[in-house]
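Okay, handing you the structure first.
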Amino acid sequence: MAKKILLLDGNSLAYRAFFALPLLTNEHGIHTNAVYGFTMMLQRILEEEQPTHMIVAFDAGKTTFRHETFSEYKGGRQKTPPELSEQFPYLRKLIDAYRIKRYELPNYEADDIIGTLSLEAERAGDEVIVISGDKDLTQLASPSTTVYITRKGITDIEKYTVEHIKEKYGLTPEQIIDMKGLMGDASDNIPGVPGVGEKTALKLLAAHGTVEGVYEAIDQQKGKLKEKLEANKDLALISKKLATIERQAPIEIAVDELSYGGPDQDELVKVWNELAFKSLLEKMEYTAEETEKEELTFEVLSEIDASILEDEMAVHLELYDEQYHTCDLLGVSLATAEKTYVIPMDVIKESQAFKDWFKDDTKKKYMSDSKASTAAFFRCGVEVDGVDFDLMLGAYIVNPSLTYTDLANIVQEYGYSEVSQNEQIYGKGAKKAVPADAVLHEHIARKARTIWAVRPLVLNKLQENEQYDLYRNLELPLATILGAMESLGVTVDKEQLLAMGEELSGKLVKIESEIHSLAGEEFNINSPKQLGMVLFEKLGLPVLKKTKTGYSTAADVLEKLNGQHEIISHILLYRQLGKILSTYIEGLLKEIHEDGKVHTRFQQALTTTGRLSSINPNLQNIPVRLEEGRKIRKAFIPSFPGWVMVAADYSQIELRVLAEMSKDERLIEAFKNDRDIHTTTAMDVFHVPAEEVTGDMRRAAKAVNFGIVYGISDYGLSQNLNITRKEAQAFIDRYFASFPGVKGYMNDVVAGAKKNGFVTTLMNRRRYLPDITSSNFNLRSFAERTAMNTPIQGSAADIIKKAMIDMADALEREGLKTRMLLQVHDELIFEAPPEELEKLKELVPQVMEHAVELNVPLKVDFAFGDTWYDTK
DNA sequence: CCAGTCACG
DNA sequence: ACGTACGTGACTGGT
């Protein structure tokens, strides 16, 4: 079979891409534009050309045999920008992931490798495509070789065939060399004949064919041109030699070794992920979808015979979108080893047999995202019990770093691809719609099948990692509890919010006009761009910090400028109040359901540490630190008149967890004696007795404690405390001298992460940190801080989750009407009838403090009041 | 759809 | 030398 060989000029293409595209960076600050452009070009070429053989050639080192001829060759070139150099390792990784050969040869340029290979291929009668950003390469064109040169962008290509070169220059490909000899090439510092440009060179070659031909007939020239040619004959010949691609380079690789069989998909996904090439990743998943699925037979039921409902079944409830508290329910599917059923919603709603089976806890249901299904079923009067498996939660425990939004993506991790992505079925954006029943039913059917098929794989993995207990006895029961909390919702006093909104709007109008008059112009204060112009250009305030796109106007910068201009304090106030109005008044009002409540969704399979997150609305970031914002909490009220809101929060849970995990004696002792931990830290760091610890010292010590939990760095601490790095480092040193156990623990946990590739929490939650061995300082440092932080944050999350399960049990066991409403990482919020308060004061701290037994006591503060605001 | 900002633990 | 504190979600402006 005839070969189709692609020869790529790696350096030239990388340069082209780098200068053609804006300086993109991924989330770690690595520039990616050259690699991105290269990838786009590669994708397109692969698709269009379907090559059988490929290679990417690179230049090796700084000097080549050409320097022996002309030492200034490529002289005067700008040094490769560091933003580009840093991309070459990724480029090589990328090429390897494509399973494309790479090659470089000391003393030779990529051109020569390509020239040599193309000659070999031509002799064998194979088709060749050369791809570069450098027009020099067009000299390689021949009847069987086409040279693709990138234009302007990187995917826009000009194809140089022999004919095209003839048309464009009136030259043969070989004469391209002669042209360079005469006119030179500024980018490679090839001199040519001074004063001869493209026009003259073409004219001369049209008449005489080659550089040598021109000189043989030199007497036909006259005047200035003749003088210039005669004076620079050597230069012209040297230039021609320099521009000539070596086609007999001593390469140790042959065309036969270049066969291309497609990329290593897994590796490619890894590299793209690392580079954060989201659009490419999505596209790949999309095409992966198109692979043929095995045929599935299933039955669509118009009524449910109780005999089909078995003791163990995979169950799936298809929802139209993520907002399961309000969205449409599209149908149910059931699967066992042999059978698959699809049941339309109207059939479900009518079927007593189904409802009975569903609330029978002896009938095991295998589901994925059981919380979503349970909450949605709840809305149409179907109660759920007996959830025995949750695919999404299981997979999340196995690896919390992946995204868990679509079943198809989750099971792909387990090598299963018999289910489509929702986007494939419904489309997205404005085009989203429910498809015809035939399509919809098959999609739903495949979901139950998927759960049945992948369940054993997930369970195996959980067992293998010793995480089954965490999954089965913590996350799975928690899902039910969270579902109940969400469905109950929290009552919001709409009138209160509206009244606060009125008042705030008025204030904001005044502040706005004040700011405009101080600025001497009207502008949008909410636009950092416009604000930056006003502050730093018009008013000439000093620029202390910049962002990627311009001046930083963040609060910490403005704080430092406060006092330098009257406008600053007004802007800070405007920001503060504007945030309250837009997010916490207007935003919250939009989330109130018909029942007068907000029903947040706790995402249980999202964070990498094991925490929950809260959305629509986010009830985990309701203001509390500043009084103006805190007033928002007055709008969160009990669901019944006379009831009270209750808040119970863990005191210093993360530092207690640190004490437990590090076994640091001094830290444990401090907590055993219930000392103020920040004051204790201050005593150690500043070497003073308790009574001499000032407010500032305590504040600094508090920042150090935070730093320790976050994975300390001198820079981070210095930023936070507004001190120098040296001073920050001194604090850290003294902290570690006082708490040697903590220091040892931090070292151990990073070492463990390097050895195992992951870190774990108290309950064996796991987080993989592949970057911990990266040669990139940024990535590695980030992974190291994460290694220190995740066990602490994650163990605290484990503990409160366990407390929630125990709390739900206790409320049930004690027959209390009190209900748990919210979790905010280290606190639980309830609403309670007043007569249960006395009991709760004992019970809640008791349960929370003994969710786990550690060497360090856990401490819970209990508070109650008429509104959330008053729980203090 | 991203960047900047800011709310929480 | 490198340049950042850990984990989230919502809103606004601007492409």
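Here is the naming used below: chain letters follow the sequence lines, and residue numbers restart at 1 for every chain. From a predicted model like this one, the values you see are computed outputs, not experimental measurements.
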N/O-N/O pairs, protein side and nucleotides 1-3 of chain C side, under 3.5 Å:
from	atom 1	to	atom 2	distance (Å)
C:dG3	O6	A:Arg725	NH2	3.0

Original post:
With no hydrogens and no angle check, is any side-chain donor or acceptor of A:Lys801 less than 3.5 Å from a backbone partner on A:Gly610?
Top reply: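 Yes.
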
Original post:
Taking N and O atoms by type only, does the side chain of A:Gln793 place a donor or acceptor under 3.5 Å from a partner on the base of C:dC6?
Top reply: yes

**OP:** Just compare B:dC8, C:dG9, C:dA10 and give me whichever is closest to any side-chain atom of A:Thr583.
**Re:** C:dA10

**OP:** Look at the side chain of A:Arg625 and the base of B:dG9, then say whether one donor and one acceptor between them are separated by less than 3.5 Å.
**Re:**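 Check passes, donor-acceptor contact within cut-off.
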
**OP:** Kindly assign one of parallel, tilted or perpendicular to the pair A:Phe536 and A:Tyr551, based on the angle between their ring planes and the thresholds 30° and 60°.
**Re:** tilted

Original post:
Counting only side-chain N and O atoms of A:Arg767, is one of them less than 4.0 Å from OP1 or OP2 of C:dG7?
Top reply: yes

Original post:
Looking for any heavy atom pair under 4.0 Å, which part of the strands does A:Asn720 touch: base, sugar-phosphate only, or nothing?
Top reply: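 Base contact.
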
Subject >> Residue pair A:Arg766 / A:Thr760, side-chain donor-acceptor N/O under 3.5 Å >> reply: no

Subject >> Integer angstrom distance from the P of C:dT4 to that of B:dA3 >> reply: 15 Å

**OP:** Using a 4.0 Å heavy-atom cut-off across all strands, classify A:Asn621 as base, sugar-phosphate, or nothing.
**Re:** base

Subject >> Integer-rounded Å distance: B:dC8 P and A:Asp649 CG >> reply: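 That distance rounds to 15 Å.
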
**OP:** Determine: side-chain N/O of A:Ser613 to OP1/OP2 of B:dC8, distance under 4.0 Å, yes or no.
**Re:**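 The answer is no; no side-chain N or O of A:Ser613 sits under 4.0 Å from OP1 or OP2.
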
Original post:
A:Asn789 has a side chain; which of B:dA7, C:dC6, B:dG9 sits nearest to it?
Top reply: C:dC6

**OP:** Measure from the ring center of A:Phe731 to the ring center of A:Tyr735 and say whether it is less than 6.0 Å.
**Re:**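 So the answer is no for these two rings.
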
Original post:
Taking only Watson-Crick and G-U wobble pairs with both distances under 3.5 Å, what dot-bracket line describes DNA chain C, where [ ] shows pairs that cross earlier ones and | shows pairs with another strand?
Top reply: .....|||||||||.

Original post:
How far, in whole Å, is B:dA7 from C:dG3 if one measures between their P atoms?
Top reply: 29 Å

Original post:
OP1, OP2 of B:dA3 versus side-chain N and O of A:Thr547: anything below 4.0 Å?
Top reply: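 It does not, given that no N or O in the side chain of A:Thr547 lies less than 4.0 Å from OP1 or OP2 of B:dA3.
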
**OP:** Please answer whether the main-chain N or O of A:Arg611 pairs with a side-chain N or O of A:Thr607 as donor and acceptor at a distance below 3.5 Å.
**Re:** yes

Subject >> Closest approach of A:Ala701 to A:Ala682 (non-hydrogen atoms, all atoms of both residues) >> reply: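 Looking at all heavy atoms of both residues, the shortest contact is CB-N, 3.5 Å.
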
Original post:
Distance from A:Leu606 atom CG to A:Ser614 atom OG, nearest 0.5 Å?
Top reply: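 Taking CG in A:Leu606 and OG in A:Ser614, the distance rounds to 11.5 Å.
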
**OP:** Output yes when at least one side-chain N/O atom of A:Gln823 is less than 4.0 Å from OP1 or OP2 of B:dG9, else no.
**Re:** no

Original post:
With A:Lys546, which of A:Thr549, A:Val543, A:Leu544 fulfils side chain to side chain contact (heavy atoms under 4.5 Å, CB included)?
Top reply: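 The side chain to side chain contact (heavy atoms under 4.5 Å, CB included) with A:Lys546 is passed solely by A:Val543 among A:Thr549, A:Val543, A:Leu544.
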
**OP:** Just compare C:dG9, C:dA5, B:dA3 and give me whichever is closest to any side-chain atom of A:Tyr710.
**Re:** C:dA5

Original post:
Is it the case that A:Gln793 and A:Glu654 place a side-chain donor and acceptor less than 3.5 Å from each other?
Top reply: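 Short answer, no.
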
**OP:** Looking only at side-chain atoms of A:Thr607, point me to the closest of C:dG13, C:dT8, C:dC6.
**Re:** C:dT8

